[in-house]
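Chain letters run A, B, ... following the sequence lines, proteins first and then strands; every chain starts at 1.
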Protein chains: 2
Amino acid sequence: MLDRRSGISLYRQIAHDLLDRMQGGELTPGSELPSENTLSLDYGVSRDVIRDAMAVLRAEGAISTTRGRRSTVRKAPEVREILAPQAARITVRMPTYEERHRLDMLEGVPLIVVHTDELESYHPADRVAIITPPADEPA
Amino acid sequence: MLDRRSGISLYRQIAHDLLDRMQGGELTPGSELPSENTLSLDYGVSRDVIRDAMAVLRAEGAISTTRGRRSTVRKAPEVREILAPQAARITVRMPTYEERHRLDMLEGVPLIVVHTDELESYHPADRVAIITPPADEPA
DNA sequence: AGTTATTTGTCCGTATGTATA
DNA sequence: ATATACATACGGACAAATAAC
């Protein structure tokens with residue numbers, strides 16, 4: 001499975017393989033991944049390499065991890081559609097650590113900022129889709 | 001500076017401190033951070049801890065790192081304003097590793113997807129702001 | 001052009017703490 | 001309480017890219 005001479009780091013190969021296993025239906029949304037220890041033995045690498053692979057998947061929003069529990073394949077949360085105001089400015093960035101906890105966001109989830117003259121609203125990107133106003137929409 | 005009994009991990013304390021030093025003007029956009037080795041000695045921690053702190057800052061889009069060179073404080077790139085089509089659906093997520101390289105994106109930069117009936121366009125979040133159509137905008 | 005030094009990337013191992021089961 | 005599992009921190013070693021000379 002792993003190729004130590006491919007020039008691609010082991011943790012990236014493993015991250016890619018785990019993503020494949022999610023696509024292939026072996027690892028379904030909500031299901032638990034094997035423990036870091038198990039994966040370490042399965043892939044024949046150190047736990048450190050497994051942790052690097054998991055970090056990649058967390059940063060991409062693919063899995064969720066909490067201490068003491070095995071990581072789970074992230075379920076796509078319900079998406080709330082938000083009608084954006086007219087002439088609003090929408091910017092997106094990653095939240096800081098403080099923001100992420102204040103807004104109760106998971107790792108690897110961007111922050112959407114909708115800015116108008118009057119107000120500024122913040123939205124975790126995994127829970128909302130922004131809909132721009134249609135032509136017949138009144139102000 | 002560091003408090004080993006605060007209950008806050010060392011790498012988070014260091015990440016926070018480095019962010020403060022960016023805010024305070026000591027580390028300006030485009031400038032180089034000290035090397036991991038230097039920071040390791042300065043803070044009195046292992047290089048591993050420094051690397052964890054740097055990973056946090058990269059994931060938040062605060063710094064850029066390339067192998068063989070010291071990390072730099074990220075400069076805010078020029079923001080291009082894009083007028084969104086009417087009744088478009090805008091979603092945001094982190095790019096996969098492949099997407100990130102294909103679209104030439106830095107770490108910690110979200111991907112904006114603008115979706116309409118006809119087309120789907122992708123935009124690195126650090127280079128664009130989305131403007132929703134004003135009331136008098138024709139279709 | 002080439003060698004050396006610097007710097008980050010990757011991988012290994014170990015140990016301990018803390019949260020969960 | 002005990003066991004499992006992830007988080008944090010230490011250490012070392014070598015590879016690979018860049019910078020310096």
Salt bridge (Lys or Arg N to Asp or Glu O under 4.0 Å) partners of B:E26, counting only residues at least two apart: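 B:E26 satisfies salt bridge (Lys or Arg N to Asp or Glu O under 4.0 Å) with B:R21 once adjacent residues are dropped.
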Can you confirm whether more than 12 heavy atoms, excluding those of B:E78, are under 6.0 Å from its CD atom?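 Count not over threshold, so no.
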Atom CZ of B:R69 with >12 non-hydrogen neighbours under 6.0 angstrom: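 It does not: B:R69 CZ has 12 such atoms or fewer within range.
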Flag the pair [X] / [Y] as yes when at least one side-chain heavy-atom distance between them is below 4.5 Å, and no otherwise.
X     : Y      : answer
A:T28 : A:V73  : no
B:T91 : B:H115 : no
B:R80 : B:V128 : yes

Checking [X] side chain against [Y] main chain: does a donor-acceptor pair fall under 3.5 Å?
X      : Y      : answer
B:E81  : B:I131 : no
B:E36  : B:R51  : no
B:T132 : A:A88  : yes
A:T72  : A:E32  : no

Among residues 66-73 of chain B, which residues get a heavy atom nearer than 4.0 Å to DNA chain D?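 Going residue by residue through residues 66-73 of chain B, the ones with a heavy atom under 4.0 Å of DNA chain D turn out to be B:R67, B:G68, B:R69.
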With hydrophobic residues grouped by side-chain heavy-atom distances under 4.5 Å, do B:V92 and B:L111 end up in a single group?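 In one cluster: no.
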Side-chain donor/acceptor pairs under 3.5 Å, residues 54-61 of chain B, sequence neighbours excluded:
unit_1, atom_1, unit_2, atom_2, d
B:R58, NH1, B:T65, OG1, 3.0
B:E60, OE2, A:Y97, N, 3.1

Between B:Y11 and D:dA9, is there a contact of a side-chain N or O with OP1 or OP2 at under 4.0 Å?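 For B:Y11, the contact criterion (side-chain N or O under 4.0 Å from OP1 or OP2 of D:dA9) is not met.
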Measure from CG on A:D52 to C1' on D:dA7 and round the result to the nearest Å.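 Distance check: A:D52 CG to D:dA7 C1' gives 14 Å.
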In whole angstrom, what separates B:E36's CD from D:dT18's P?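 Atom CD in B:E36 sits about 16 Å away from atom P in D:dT18.
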Exercise: do A:R74 and A:S64 side chains pair donor with acceptor under 3.5 Å: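 Per modelled atom types, A:R74 and A:S64 side chains form a pair under 3.5 Å.
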Check each residue of residues 2-10 of chain A for a non-hydrogen atom within less than 4.0 Å of any atom in DNA chain C, then write out the ones that pass by number, or none.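 Those residues whose heavy atoms fall under 4.0 Å from DNA chain C, taken from residues 2-10 of chain A in numerical order, are A:R4, A:S9, A:L10.
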Could you identify which residues of residues 38-50 of chain A place a heavy atom less than 4.0 Å from some atom of DNA chain C, listed by residue number, or say none?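 Nucleic-acid contacts, sorted: A:V45, A:S46, A:D48, A:V49.
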Quick check for you: name the first and last nucleotides of DNA chain C, 5' to 3', having an atom under 4.0 Å from a heavy atom of chain B.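 Terminal contacting nucleotides, 5' to 3': C:dT7 to C:dT10.
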